[in-house]
Amino acid sequence: MHPFSILTLAIFVAGYTTARWDLVTRLYELAIFAWVNGVILRIILGVALLSIAFLLIFLPVRHLALAEAELHPRSPSRGISAREQLRRRGSF
């Protein structure tokens, strides 16, 4: 390799390493700041509340939808959907 390209590569590696180290230390400082100011606790609380909301709202609705689907099954022999009818007529 040409001496100039070796020097260029060495400068690039040194700059890249310095930039990465700076990012790691900033991330470390940000994590400490978040812990001190209670951000981590609020994130955990938010995830817990969203999980409870999911369990209380989405799962019962899914259960009702499955029960209704079993009561009123759709079979291909009973006809085609309104969307398919519109598509075949060219109106959709």
Side-chain angles (χ1 to χ4, degrees):
M1 247 183 153
H2 193 272
F4 179 72
S5 58
I6 292 175
L7 178 64
T8 305
L9 183 64
I11 291 171
F12 172 77
V13 169
Y16 183 81
T17 305
T18 303
R20 290 291 151 197
W21 179 253
D22 185 50
L23 286 174
V24 167
T25 55
R26 285 179 189 253
L27 183 62
Y28 178 71
E29 290 171 359
L30 181 63
I32 292 172
F33 177 80
W35 182 261
V36 168
N37 290 309
V39 175
I40 305 297
L41 182 63
R42 285 184 285 193
I43 289 173
I44 292 170
L45 183 62
V47 168
L49 288 175
L50 287 174
S51 298
I52 289 170
F54 173 78
L55 291 172
L56 292 177
I57 295 170
F58 182 73
L59 289 179
V61 170
R62 181 178 178 270
H63 177 69
L64 289 173
L66 288 175
E68 286 296 318
E70 288 179 14
L71 286 176
H72 308 287
R74 288 186 55 171
S75 65
S77 63
R78 297 184 70 190
I80 58 175
S81 67
R83 180 182 294 237
E84 180 64 21
Q85 290 175 7
L86 288 172
R87 192 184 67 74
R88 287 183 183 181
R89 281 193 302 207
S91 302
F92 187 59

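- The line from CG of Leu50 to CD1 of Ile57 is 10.0 Å long, rounded to the nearest 0.5 Å.
- Put simply, the side chain of Leu56 reaches to within 4.5 Å of the side chain of Ile52, judged on heavy atoms.
- Sorted by first and then second residue, the side chain to side chain donor-acceptor pair (under 3.5 Å) pairs involving residues 24-40 (not counting sequence neighbours) are Asp22-Arg26.
- In this structure, Leu55 belongs to a hydrophobic cluster whose other members, linked by side-chain heavy atoms under 4.5 Å apart, are Phe54, Phe58, Leu59.
- Screening residues 34-63 for salt bridge (Lys or Arg N to Asp or Glu O under 4.0 Å) gives no qualifying pairs among residues at least two apart or on separate chains.
- In this structure, the side chain to side chain contact (heavy atoms under 4.5 Å, CB included) partners of Ala34, at least two apart in sequence or on a different chain, are Val39, Ile40.
- Going from atom CD of Glu68 over to atom NE2 of His72 covers 4.5 Å, rounded to the nearest 0.5 Å.
- Residues satisfying the salt bridge (Lys or Arg N to Asp or Glu O under 4.0 Å) criterion with Arg88, sequence neighbours excluded, are Glu84.
- The line from CG of Leu71 to CG of Leu66 is 11.0 Å long, rounded to the nearest 0.5 Å.
- Around atom NE2 of His63, no more than 12 heavy atoms belonging to other residues, nucleotides or ligands sit under 6.0 Å away.
- Think of Trp21 as one node in a network of Ile, Leu, Val, Met, Phe, Trp and Tyr side chains linked at under 4.5 Å; it has no links at all.
- Using a 4.5 Å heavy-atom cutoff, the side chains of Ser5 and Leu9 are not in contact.
- Once rounded to the nearest 0.5 Å, the distance linking CG of Leu49 with CD1 of Ile44 reads 12.0 Å.
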